[in-house]
Number of protein chains: 2
Amino acid sequence: MRPDSLTTTFAALADPTRRAILARLASGEASVTELAQPFAISMPAISRHLKVLEHAGLIDRGREAQWRPCRLQAQPLKEAAGWMEHYRRLWDQRLDRLDAFLKEMDKAERRSRARKRK
Amino acid sequence: MRPDSLTTTFAALADPTRRAILARLASGEASVTELAQPFAISMPAISRHLKVLEHAGLIDRGREAQWRPCRLQAQPLKEAAGWMEHYRRLWDQRLDRLDAFLKEMDKAERRSRARKRK
DNA sequence: GCTATATTTAACAACGTTGTTATTTAACAA
DNA sequence: TTGTTAAATAACAACGTTGTTAAATATAGC
């Protein structure tokens, strides 16, 4: 029972180093060394982060001489964003209905007070 | 150095049980027992999933007699969705530019062939 | 106070993640 | 071949996660 793709995507995004790598890749492809440069961790650690991202389908890698350039792959981001949008929207609708309900209550309340004043 | 909020949110979403709990909560508040019902795991396990979601700010919980009703909290979903949309959009722009570039190439190519035919 | 119900906490095992350093592989260049 | 650079793998430690069962806590109702 290996984890489904949403799980793999969210798990990959749940690390600041990996998100920073993706942010960097959003502005163009880069080699492993280039990606490692901003971080205070060893190359093997970066190499593993890249493997996690690749496994999640968030990046793919080419091969040019001794470099393995990484590129962003947007599809899993789309799926995950879709999931979140879906539930966020459902929830906003609930809030809207609650809001409408409270407004209704309020109106009824004012009407009731108006009657009493007569 | 505790993890930032995006990290906490994504980590909380990186579990199918927790996503199913949120999905259930999107249709209204529920008690721990109600939330546990669809799953083949023990109550303490559910209790911990809820603690993870609460810690991530994705739910909050009331107190009614011996029940602790859970409600969805949309704010962290918004932040995380925002992050993903941002990078997804950047990447789509890159793809669009690549697309435009390839179309340009193609046009130039056709023009070149047209010249040769004369 | 006693009992039933809802939920949490404690203690533990199994497993996964993230980092390290040392070693290995691959490709270029002399 | 030999050396250099880029990157991956191996072996390991530290720590976090997810599940378990057993025990504790809190509240309602008699």
Exercise for the section: Choose from D/dT21, D/dA8, C/dT18 the nucleotide whose nearest atom is closest to any side-chain atom of B/S42. Expected result: D/dT21
Take atom [atom1] of [X] and atom [atom2] of [N], then tell me their distance rounded to the nearest Å.
{"X": "A/L50", "N": "D/dT9", "atom1": "CG", "atom2": "P", "answer": "12 Å"}
{"X": "B/K51", "N": "D/dG19", "atom1": "NZ", "atom2": "C1'", "answer": "15 Å"}
{"X": "B/F39", "N": "D/dG19", "atom1": "CZ", "atom2": "P", "answer": "10 Å"}
{"X": "A/I46", "N": "D/dA6", "atom1": "CD1", "atom2": "C1'", "answer": "14 Å"}
{"X": "B/R48", "N": "D/dT20", "atom1": "CZ", "atom2": "P", "answer": "10 Å"}
{"X": "A/D15", "N": "D/dC15", "atom1": "CG", "atom2": "P", "answer": "18 Å"}
{"X": "B/M43", "N": "C/dT8", "atom1": "CE", "atom2": "P", "answer": "7 Å"}
{"X": "B/H55", "N": "D/dG16", "atom1": "NE2", "atom2": "P", "answer": "13 Å"}

Handout entry: Cluster overlap B/F39 with B/V32, hydrophobic side-chain contacts below 4.5 Å
Key = yes
Exercise for the section: Indicate, with yes or no, if A/I21 and B/L90 share a hydrophobic cluster defined by side-chain heavy-atom contacts under 4.5 Å among Ile, Leu, Val, Met, Phe, Trp and Tyr. Expected result: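 Yes, B/L90 and A/I21 fall within the same hydrophobic cluster.
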Only pairs with both distances under 3.5 Å count, Watson-Crick or wobble alike; so what is the partner of [N] in this structure?
{"N": "D/dA14", "result": "C/dT17"}
{"N": "C/dT7", "result": "D/dA24"}
{"N": "C/dA29", "result": "D/dT2"}

Practice task
Kindly compute the distance separating CD (A/E29) from CG (A/D60), expressed to the nearest 0.5 Å.
Solution key: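 That separation rounds to 9.5 Å.
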Problem - Value rounded to 0.5 Å, distance of CG in A/L6 from CE in A/M84 - result: 10.5 Å
Atom pairs under 3.5 Å, N or O on each side, protein against nucleotides 23-28 of chain D: can you list them with distances?
unit_1	atom_1	unit_2	atom_2	d
D/dT27	OP1	B/R63	NH1	3.4

Exercise for the section: Using distance alone, with no hydrogens and no angle criterion, decide if B/E79 and B/T9 have a side-chain donor and acceptor under 3.5 Å apart. Expected result: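 Side-chain D/A pair, B/E79 to B/T9: absent.
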Practice task
Tell me whether the OP1 or OP2 atom of D/dA8 has a side-chain N or O from A/R61 closer than 4.0 Å.
Solution key: yes
Problem - Under-4.0 Å side-chain N/O to phosphate OP1/OP2 contact, B/H49 with D/dT17 - result: no
Exercise for the section: Using side-chain contact (heavy atoms from CB on, under 4.5 Å) as the criterion, point out the one residue from B/R61, B/H55, B/R18 that pairs with B/L50. Expected result: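 Among B/R61, B/H55, B/R18, the one meeting side-chain contact (heavy atoms from CB on, under 4.5 Å) with B/L50 is B/R61.
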Problem - Cationic N near anionic O, under 4.0 Å, B/E85 to B/R88 - result: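 So B/E85 pairs with B/R88 through a salt bridge.
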